[in-house]
2 protein chains.
Amino acid sequence: MSKSTRENAILFLQQMTKVTLALKGYMRQKFKAHNVDITFEMLQVLRFLWEKESCNQQEIATAINKDKASLTYLLDNLGRRNLVLRTEDSQDRRNKIITLTQEGRELESLITPWLEEMYGLVAENVSAGDLATSLHTFETIYKNIQNKAE
Amino acid sequence: MSKSTRENAILFLQQMTKVTLALKGYMRQKFKAHNVDITFEMLQVLRFLWEKESCNQQEIATAINKDKASLTYLLDNLGRRNLVLRTEDSQDRRNKIITLTQEGRELESLITPWLEEMYGLVAENVSAGDLATSLHTFETIYKNIQNKAE
DNA sequence: GCTCAACAGTTAAATAACAAACTAATTTTA
DNA sequence: TAAAATTAGTTTGTTATTTAACTGTTGAGC
């Protein structure tokens, strides 16, 4: 690995961290400005449920890259805010079926525009080609890690 | 924003999350395999201190993109592990000067190779051009967010 | 049919992040 | 120089993540 490649790898990691933090901060500020009492992580759950009304916890966890313990916790918090409901699956009693409450469903129309703005922030001033290259780079790096970790 | 651009923006965010998690997991597994009782976040602090032996907390916080409250907490944990020392700055008593202990310095030679491996994972099978494009994309997105948030 | 492995979810303990309010020290400025 | 603003760090409360151990349920193979 050449010295400049190494430097760029380090910069890559730094910039990735900064972008992640900045996007979270952007959404947090939106929530605060509109008195919506949820976090970025809760939004990830809600966004999934807006698409797929009913499912078990593991399904959500897999979709949004979290483990099931985090989901237990997140759904407790969403339940406390009256945004989701947990019911036992009578078909397979290991499952808890998660559904949105009316309140949870109603948030969709308020928040979706902010999500679209966030997607816009990712795409703005970035050519389609550069975006695709970056995507491809992520995929390569991800594979590199999977291979190394066996 | 075209539909496919939007899709790619969403994929970009998903892949970025996955890469971040995978890299953290990779390092965690290294620490565990070698019985080194630190976290990825503590490593960020140590890595900075290996370069710049002595500084105050705010300087570290800025360099590794954390807030000062997180640093208070992280340095408590590093201190408990006997890896860093906090001393009051007699020049400006608002500052706490952070230095590595012998034990903290000794970790450098053990851990640096793992860091280099991590940089390698980012650069492996990625052309210099693609890496540079990705870097540039991050910078553009970061600027987009800064501009939108005023 | 029983046993055992696999699966879904919970819990507890440790670590981390963020916001807001706070203390103490220093610098600015009027 | 006295008051005000700024800066460094801590504390508190809420939220999130990870690991590991745990409970309960289901299903496969003998």
Side-chain angles (χ1 to χ4, degrees), chain A residues 17-18 20-33 35-46 55-81 83-84 86-98, chain B residues 17-18 20-33 35-46 55-81 83-84 86-98:
Chain A
T17 304
K18 284 177 78 170
T20 301
L21 281 176
L23 286 170
K24 276 195 180 186
Y26 181 78
M27 292 307 285
R28 230 190 338 263
Q29 161 236 313
K30 280 279 177 196
F31 297 148
K32 192 178 170 188
N35 289 306
V36 174
D37 178 30
I38 64 169
T39 63
F40 191 85
E41 288 76 13
M42 295 178 197
L43 172 61
Q44 293 181 276
V45 176
L46 292 177
C55 57
N56 68 21
Q57 300 188 189
Q58 186 58 57
E59 208 173 337
I60 305 175
T62 306
I64 66 177
N65 295 303
K66 299 193 187 297
D67 65 17
K68 56 187 182 171
S70 296
L71 252 285
T72 294
Y73 176 79
L74 266 173
L75 290 170
D76 283 351
N77 275 332
L78 282 165
R80 222 175 284 135
R81 286 162 171 77
L83 299 174
V84 303
R86 260 198 195 92
T87 46
E88 204 180 60
D89 184 348
S90 54
Q91 244 55 46
D92 181 341
R93 285 171 49 227
R94 287 172 301 186
N95 293 341
K96 304 274 176 76
I97 298 187
I98 308 301
Chain B
T17 304
K18 284 177 77 169
T20 301
L21 280 176
L23 285 170
K24 275 196 179 186
Y26 181 78
M27 293 307 287
R28 231 190 337 262
Q29 161 236 314
K30 280 277 177 200
F31 296 148
K32 191 178 171 188
N35 288 307
V36 174
D37 178 29
I38 63 169
T39 63
F40 190 85
E41 287 76 13
M42 294 177 197
L43 171 62
Q44 293 181 277
V45 176
L46 292 176
C55 56
N56 67 23
Q57 302 187 188
Q58 186 58 59
E59 208 173 338
I60 306 174
T62 304
I64 67 177
N65 295 303
K66 298 192 188 298
D67 65 18
K68 57 186 182 171
S70 297
L71 252 284
T72 294
Y73 176 79
L74 265 174
L75 290 169
D76 284 350
N77 274 334
L78 283 165
R80 223 174 283 137
R81 286 163 170 78
L83 300 174
V84 302
R86 259 198 195 91
T87 46
E88 203 180 61
D89 184 347
S90 54
Q91 245 55 46
D92 181 341
R93 286 171 50 227
R94 288 172 301 185
N95 292 341
K96 303 276 177 74
I97 297 186
I98 308 301

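Worth knowing before you read on, the calculation uses all heavy atoms, side chains too, and leaves out hydrogens, waters and symmetry mates. Chain identifiers are assigned alphabetically (A, B, ...) following the order of the sequence lines, protein sequences preceding nucleic acid strands; residue numbering begins at 1 within each chain. Computed from a predicted model, the values in this text were never measured in an experiment.
The side chain of Arg93(A) approaches dT26(D) more closely than any other nucleotide in the set dT26(D), dA17(C), dT26(C). Comparing atom distances between the Arg28(A) side chain and each of dT26(C), dA19(C), dT15(D) picks out dA19(C) as nearest. The side chain of Glu41(B) sits closest to dA17(C) out of dA17(C), dT15(C), dT17(D). Side-chain atoms of Tyr73(B) lie closest to dT15(C) of the nucleotides dG9(D), dT18(D), dT15(C). Considering only the side chain of Ala69(B), dA20(C) comes nearest among dT15(D), dA20(C), dT18(D). Comparing dG9(D), dT15(C), dA19(C) by their nearest atom to the side chain of Asn56(B) picks out dG9(D). Looking at the side chain of Arg94(B), the nearest of the listed nucleotides dT6(D), dT10(D), dT15(D) is dT6(D).
With rounding to whole Å, Leu71(A) atom CG is found 12 Å from dA8(C) atom P. For the pair Asp37(B) CG and dT18(D) C1', the computed distance is 14 Å after rounding to whole Å. Following rounding to the nearest Å, Asp76(B) (CG) and dT10(D) (P) show an atom-to-atom distance of 7 Å. Protein atom CD of Gln44(A) is 12 Å distant from nucleotide atom C1' of dT17(D), rounded to whole Å. Atom CE of Met42(A) is separated from atom C1' of dC18(C) by 13 Å (rounded to the nearest Å). Between the CZ atom of Arg80(B) and the C1' atom of dA13(C) there is a distance of 13 Å, given to the nearest Å. Counting to the nearest Å, the C1' atom of dC18(C) and the CD1 atom of Ile38(A) are 16 Å from each other. In this structure, the CG atom of Leu75(A) is 11 Å from the C1' atom of dG9(C), given to the nearest Å.
The stretch residues 60-68 of chain B touches DNA chain C through Lys66(B), Asp67(B), each having a heavy atom within less than 4.0 Å of the strand.
If you find the closest nucleotide of DNA chain C to Phe40(B) and to Lys32(A), the one lying nearer the 5' end belongs to Phe40(B). Between Asp89(A) and Arg81(A), the one whose closest nucleotide on DNA chain D sits nearer the 5' end is Arg81(A).
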Output, in order, the C-alpha distance, side-chain angles, deciding distance and verdict of side chain to side chain contact (heavy atoms under 4.5 Å, CB included) for Thr39(A) and Arg28(A). CA-CA 7 Å; Thr39(A) 63; Arg28(A) 230 190 338 263; over 6 Å; no

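In terms of heavy-atom proximity, Ile98(B) sits nearest to Asn56(B) at CG1-C, 4.4 Å. Across all their heavy atoms, Phe31(A) and Phe40(A) have their closest contact at CE1-N, 4.0 Å.
Here the side chain of Arg81(A) pairs a donor or acceptor atom with the backbone of Asp37(A) at under 3.5 angstrom.
Under 4.0 angstrom from either OP1 or OP2 of dT25(D) there lies no side-chain N or O belonging to Asn95(A). Contact between the side-chain N/O atoms of Arg86(A) and the OP1/OP2 oxygens of dT10(C) is found at a separation under 4.0 Å. Contact annotation: Gln57(B) reaches the phosphate of dT10(D) (side-chain N/O to OP1 or OP2, under 4.0 Å). Contact check, Lys96(B) against dT10(D): a side-chain N or O comes under 4.0 Å of OP1 or OP2.
Every side chain to side chain contact (heavy atoms under 4.5 Å, CB included) that Leu21(B) has, sequence neighbours left out, goes to Asn65(A), Thr17(B).
Pairs passing the salt bridge (Lys or Arg N to Asp or Glu O under 4.0 Å) check and including a residue from residues 66-79 of chain A, sequence neighbours excluded, read Asp76(A)-Arg86(A).
Leu21(B) comes within 4.0 angstrom of sugar-phosphate atoms only, judged by non-hydrogen atoms across all strands, and of no base.
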